[in-house]
Asks: 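Can you keep this structure in mind? I'll have questions shortly.
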2 protein chains.
Amino acid sequence: MGTVSKALELLDLFTRASPLIGLSDMARLAGLNKATCFRLLSELAEHGLVEQVGTAREYRLGPALLRLAALREAQVPTREAAMPVLQALAQRTSETAHLSLLIGGQLRPLVHAYSSAHATRVTLDDTDTLPFHATSSGLAVLAFQPDAFRETVLAQTLPRLTRSTETDPGTLRARIAEVRSLGYAESRGGYESDVHSMAVPLFDALGGCSGAVAVAALGSRMSEQQRRLIRYSLMQAGTEITTLWGGSLPSDIVTLWRLAA
Amino acid sequence: MGTVSKALELLDLFTRASPLIGLSDMARLAGLNKATCFRLLSELAEHGLVEQVGTAREYRLGPALLRLAALREAQVPTREAAMPVLQALAQRTSETAHLSLLIGGQLRPLVHAYSSAHATRVTLDDTDTLPFHATSSGLAVLAFQPDAFRETVLAQTLPRLTRSTETDPGTLRARIAEVRSLGYAESRGGYESDVHSMAVPLFDALGGCSGAVAVAALGSRMSEQQRRLIRYSLMQAGTEITTLWGGSLPSDIVTLWRLAA
DNA sequence: AACGGTCGGTTTATTATATGAACCGATGGT
DNA sequence: ACCATCGGTTCATATAATAAACCGACCGTT
C-alpha cells in the first residue's frame, strides 16, 4: 500500500465517538509503527488536515477540511442541495430521514433530518459507516453498483447485527435483485432490532449511483399505510435530489417510480 | 519533502477559479512527474478526496471532504458558530464582513457575509489566499503570531499589489507593532486600490490566534464616523467569536477593546 | 521517593517504495 | 496526413519510508 493511503487512512480513524486520538493509540489502531505514524501525522498537521490539542498532544481533524469542503460544495453543492429536501421528507413522513454517500467504497451518513412529530425518534448521531447488507440504504446503493463491487462486498464476512440480520450472500443477492425490480429497498430490524427503514438510490452528474436517501422509523409505527406514504415520499425526494445534483435517473427507475405514484 | 505532503499539496491546487484540473496540468502546477502525479491522485481518489469527472477525466475535490469537515465541525463548530456573528456584523456595518483562518501557514478566507445596504459591495468570491502584508486580516493575524512565524513571512518577497501596498519589511514590522498596541488592523487600498478594510484577531481554545474577522468597504464610503462604527463592531464580533470558539482574549486585548467601547 | 508503565517524540541502519524517462493508444486541431 | 497533447502505463533506478531501540517527561502506586 502506498504511503499516501496510509496517511489518509489515519483520517478515517477519527469518529464521532472518538474525535481525539493520541499518537500511540493511533499507531495501534492503524497497525503502524509509532515512528511511521508520527511522521504521517506531522505531514497531515503541516497542511492543517489534523491538529494537536491540549497538554496530552492528542490529534483531531484540522481546519483545512473546512476550506476544502467549502470549495467542493461551491462546485458541487451536494450537501447544501439535499438538505431542504431531506428536511421536507422528515416532516412529511414524521420520521427520521437521512442521506448517505458512497465514499471510498464505504457507505457514510452525511446529513440527517428529524421530525418533531413523535417523542421517540430514530437517531444516528454516532454512526460513521453503514453496513451494506443490513440497512435499506446499503441495499439500495448496492443494487445499482457494478457487479464487481457488489460481489466484493458480499464476499466479505457479513456480521449478524440483530436476530433479523440477513447474512447469507445468496439470499442477499436475491433481495438486491428485488430492490432493482421494485425501485426501493427495505430493512426490517436488520441493523437495529426495533428500527424499520426504507431507502431509494441517488444518482449524480457522473451517471452513477453515489448514495441513498432513507427514512427510518420505529417498527411499531410502520403501518401499511405509513409504508405507502414513506415509499412515495422517498421516490419524490430521490427524484428531487438527483435532479438537484444534475444527475438523471435510469429509465427503469423512472418507470417504476411513476407507476408507484 | 515527504510523499504525503506532495499529495496534500495537490489538494491545494484546486481553487474557485480552477476547480477542475487535468492530470498533465496538475503535474505541471505541482512540479511533479506525470507518473508520480498520477499515482498520488489515484491514491487520493481511492479515499474520495478527489474524484474524476467527465470524458476528459479531469480531477476535482471529492465527497470525502464533506464527511470529514462535518466531523470536524461537530467537534469544533468553527464555521457554524461564527456565521451568525459575521452576518450581524455585515448588517450592522452595511459592508462586507469576512472571516479567515490560518491554515498550514497561509491565511485562507472561510466565510463571508454581505450587506444589502449598498448597491456596490466588496466581493471576494475568487479569493483563495490572503497576503499577510497587504490585508488588514493578515496584519491582525501576524501581530499575534510567534516571532519566528512573522519573520518567516516578512523574509519572503512581498508583492506590490497596488500603488498603496507596503512592501518594506521594516515598515511592516512597525505597522504590526502598532496593530498590537491598537488592538485592530487597517488597510487602505493595499490589496485592491479602492478597498479599505479593518480587522481584529480571533483566538481559539488552544490559546493562539488562529484567524481574523474583517470588514471591507469601498474607500469612498470610509468616513471617520463609519470607521468608528466598524472598529467598535469588529471588537464586539471578535469577542463573541473567540468566546464561541472556547478561546480567550489576551488580557491586553481585553483592555484595549474595553477602552475603545 | 523510587518504581513500572505509558506517553509523545527522536534516532538509525535497512529496505521497501516512490520516482522519472520513455512509451502507448486515443483525441483533436491544422 | 500530420503533429501535439491528452490520460495512463512500464520498469530500472534511486530516494524516501520504515521499525526497533532509545529518550526524557509524566503519572499513579507502593
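We name chains A, B, ... by the order of the sequence lines, and we start the count at 1 in each one. Quick caveat, the model's predicted, so the values are computed rather than measured.
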Asks: Got a list of side-chain donor-acceptor pairs under 3.5 Å for residues 27-41 of chain A, not counting sequence neighbours?
Replies:
| from | atom 1 | to | atom 2 | distance (Å) |
| --- | --- | --- | --- | --- |
| A:Arg28 | NH2 | A:Asp25 | OD1 | 2.9 |
| A:Asn33 | OD1 | A:Ala35 | N | 2.8 |
| A:Arg39 | NH1 | A:Glu43 | OE2 | 3.3 |

Asks: Sugar-phosphate means primed atoms, P, OP1 and OP2; the rest is base. With that split, encode nucleotides 6-19 of chain C 5' to 3' as B, S or - using protein heavy atoms under 4.0 Å.
Replies: -SBBBB-----SSB

Asks: State, with a plain yes or no, whether a side-chain heavy atom of B:Leu158 is found less than 4.5 Å away from one of B:Leu172.
Replies: yes

Asks: With no hydrogens and no angle check, is any side-chain donor or acceptor of B:Arg180 less than 3.5 Å from a backbone partner on B:Ala143?
Replies: yes

Asks: Could you state the interatomic distance from CZ (B:Phe132) to CD (B:Gln106), rounded to the nearest 0.5 Å?
Replies: 7.5 Å

Asks: Using the C1' atoms of the five pairs at each end, what is the angle between the end axes of the helix from C:dA1-D:dT30 to C:dT30-D:dA1, to 10°?
Replies: 40°

Asks: Taking only residues two or more places apart in sequence or in another chain, which ones pass ring-ring contact (aromatic ring centres under 6.0 Å, His included) with B:Tyr184?
Replies: none

Asks: Listed by chain and number, what are the salt bridge (charged side-chain N to carboxylate O under 4.0 Å, His left out) partners of A:Arg173, not counting sequence neighbours?
Replies: A:Glu151

Asks: With B:Phe203, which residues qualify under ring-ring contact (aromatic ring centres under 6.0 Å, His included), at least two apart?
Replies: B:Phe144

